[in-house]
Amino acid sequence: MAATVKYDEVEVGQELPATDYQVRRLNLVMYAGASGDFNQIHWNERFAKTVGLPDVIAHGMFTMAQGGRFVTDWVGDPAAVIDYGVRFSSMVIVPDDDQGATVTVSGVVEEKLEDKKVVVGLTAKSGDARVLSKARAVVQLS
């Protein structure tokens, strides 16, 4: 598989349209099973509240994965992501209802590097809260 985005067709400042990712309690339970992170703050509302949280919160790495998914969907090849890093800046609070929470991810091409690589800066929000900061991916384009 190769990147479907061409280096010559990308410009610094180019915006990648926002995508919404729904996060429901079921997603957190599935992620816990895949990751082995069964911390009760990610699935047990009563426990989360007893430790001072407003409700169950998404795993930080689950939230980070949504940013990675955004980049791989844009570029068309998961192997094209050479580097990816974030800082966690706020929680994704996941209510126990049919809607859950929404994580909205958008991006902008911040820099064109040598060898057909670009730096993509990401913004990830849940409600009014920015949930990832300093989110950057280096992507190899075709």
Side-chain angles (χ1 to χ4, degrees), residues 1-7 9-45 47-142:
M1 197 178 238
T4 58
V5 178
K6 304 210 179 315
Y7 181 82
E9 297 173 359
V10 172
E11 298 298 330
V12 171
Q14 179 177 334
E15 294 185 12
L16 285 60
T19 301
D20 289 339
Y21 300 97
Q22 290 306 119
V23 184
R24 294 180 182 88
R25 298 272 177 99
L26 175 60
N27 301 116
L28 301 182
V29 171
M30 291 171 19
Y31 183 82
S35 69
D37 181 353
F38 292 99
N39 188 319
Q40 291 185 61
I41 64 173
H42 302 303
W43 58 270
N44 183 323
E45 183 176 335
F47 181 81
K49 288 181 176 181
T50 64
V51 297
L53 295 170
D55 207 331
V56 164
I57 62 170
H59 304 74
M61 296 301 286
F62 177 89
T63 305
M64 182 180 180
Q66 301 317 304
R69 177 179 168 192
F70 175 82
V71 175
T72 60
D73 287 351
W74 171 68
V75 75
D77 179 9
V81 179
I82 296 169
D83 189 42
Y84 177 50
V86 306
R87 289 199 181 171
F88 304 111
S89 51
S90 190
M91 299 175 283
V92 176
I93 300 164
V94 184
D96 188 16
D97 60 21
D98 293 338
Q99 301 302 312
T102 302
V103 175
T104 302
V105 183
S106 61
V108 64
V109 176
E110 294 183 338
E111 186 177 359
K112 290 181 86 168
L113 307 172
E114 296 178 7
D115 299 325
K116 297 186 177 183
K117 296 175 186 163
V118 297
V119 176
V120 177
L122 302 172
T123 300
K125 291 182 153 193
S126 182
D128 293 331
R130 188 170 184 157
V131 295
L132 300 176
S133 63
K134 297 188 180 187
R136 303 275 178 285
V138 177
V139 183
Q140 179 72 59
L141 302 182
S142 57

According to salt bridge (Lys or Arg N to Asp or Glu O under 4.0 Å), who are the partners of [X], at least two apart in sequence or on a separate chain?
X	result
Arg24	none
Lys49	Glu45
Glu111	none

Item checked: Criterion side chain to side chain contact (heavy atoms under 4.5 Å, CB included) on Val108 and Val120, from CA distance to verdict -> CA-CA 6 Å; Val108 64; Val120 177; over 6 Å; no

By side-chain contact (heavy atoms from CB on, under 4.5 Å), which residues pair with [X], not counting sequence neighbours?
X	value
Ala58	Val23, Leu28, Phe62, Thr63, Val92, Val94
Ala18	Thr104, Ser106
Asp115	Lys117
Leu53	Ile41, Ala48, Val51, Ile57, Met91

Checklist line | Atom pair CH2 (Trp43) and CG (Asp96), whose distance is rounded to the nearest 0.5 Å | finding: 12.5 Å

Checklist line | Interatomic distance, Glu15 atom CD to Thr123 atom OG1 [nearest 0.5 angstrom] | finding: 9.5 Å

Next item on the list: Identify the two heavy atoms, one from Ser126 and one from Ala101, that lie closest to each other, and give their separation to 0.1 Å.
Entry: OG-CB, 4.3 Å

Margin query: For Asp97 versus Gly100, what's the shortest heavy-atom pair and its separation?
Written below: OD1-N, 2.6 Å

Note to self: Could you check whether atom NZ of Lys116 has more than 12 heavy atoms from other residues, nucleotides or ligands sitting under 6.0 Å from it?
What the structure shows: no

Next item on the list: Could you note down all residue pairs passing salt bridge (charged side-chain N to carboxylate O under 4.0 Å, His left out) where residues 133-142 supplies at least one of them, sequence neighbours left out?
Entry: Glu110-Arg136

Is there a donor-acceptor pair closer than 3.5 Å between any side-chain N or O of [X] and the backbone N or O of [Y]?
X	Y	answer
Tyr7	Leu113	yes
Gln14	Glu11	yes
Ser142	Thr4	no

Checklist line | With Asp55 via side chain to side chain donor-acceptor pair (under 3.5 Å) - residues at least two apart | finding: Arg25

Next item on the list: Can you sort out the partners of Asn44 under side chain to side chain donor-acceptor pair (under 3.5 Å), two or more places apart, ordered by chain and number?
Entry: Gln40

Check: Got a sec, which residues hit ring pair (Phe, Tyr, Trp, His ring centres under 6.0 Å) with His59, two or more places apart in sequence or on another chain?
Finding: Tyr31, His42

Item checked: Reference residue Gln22; test side-chain hydrogen bond (donor to acceptor under 3.5 Å, both in side chains); the match among Asp98, Asn27, Thr102 -> Thr102

Is any side-chain heavy atom of [X] closer than 4.5 Å to a side-chain heavy atom of [Y]?
X	Y	result
Val103	Asp20	no
Lys125	Val131	no
Tyr84	Met64	yes
Val105	Thr19	no

Per-pair distances, 0.1 Å, donor-acceptor, side chain in residues 71-83, under 3.5 Å, sequence neighbours excluded:
| unit_1 | atom_1 | unit_2 | atom_2 | d |
| --- | --- | --- | --- | --- |
| Thr72 | OG1 | Gly68 | O | 3.3 |
| Thr72 | OG1 | Arg69 | O | 3.1 |
| Asp77 | OD1 | Ala79 | N | 3.0 |

Item checked: Pair Val118-Leu141, side chain to side chain contact (heavy atoms under 4.5 Å, CB included): steps then yes or no -> CA-CA 7 Å; Val118 297; Leu141 302 182; 3.7 Å; yes

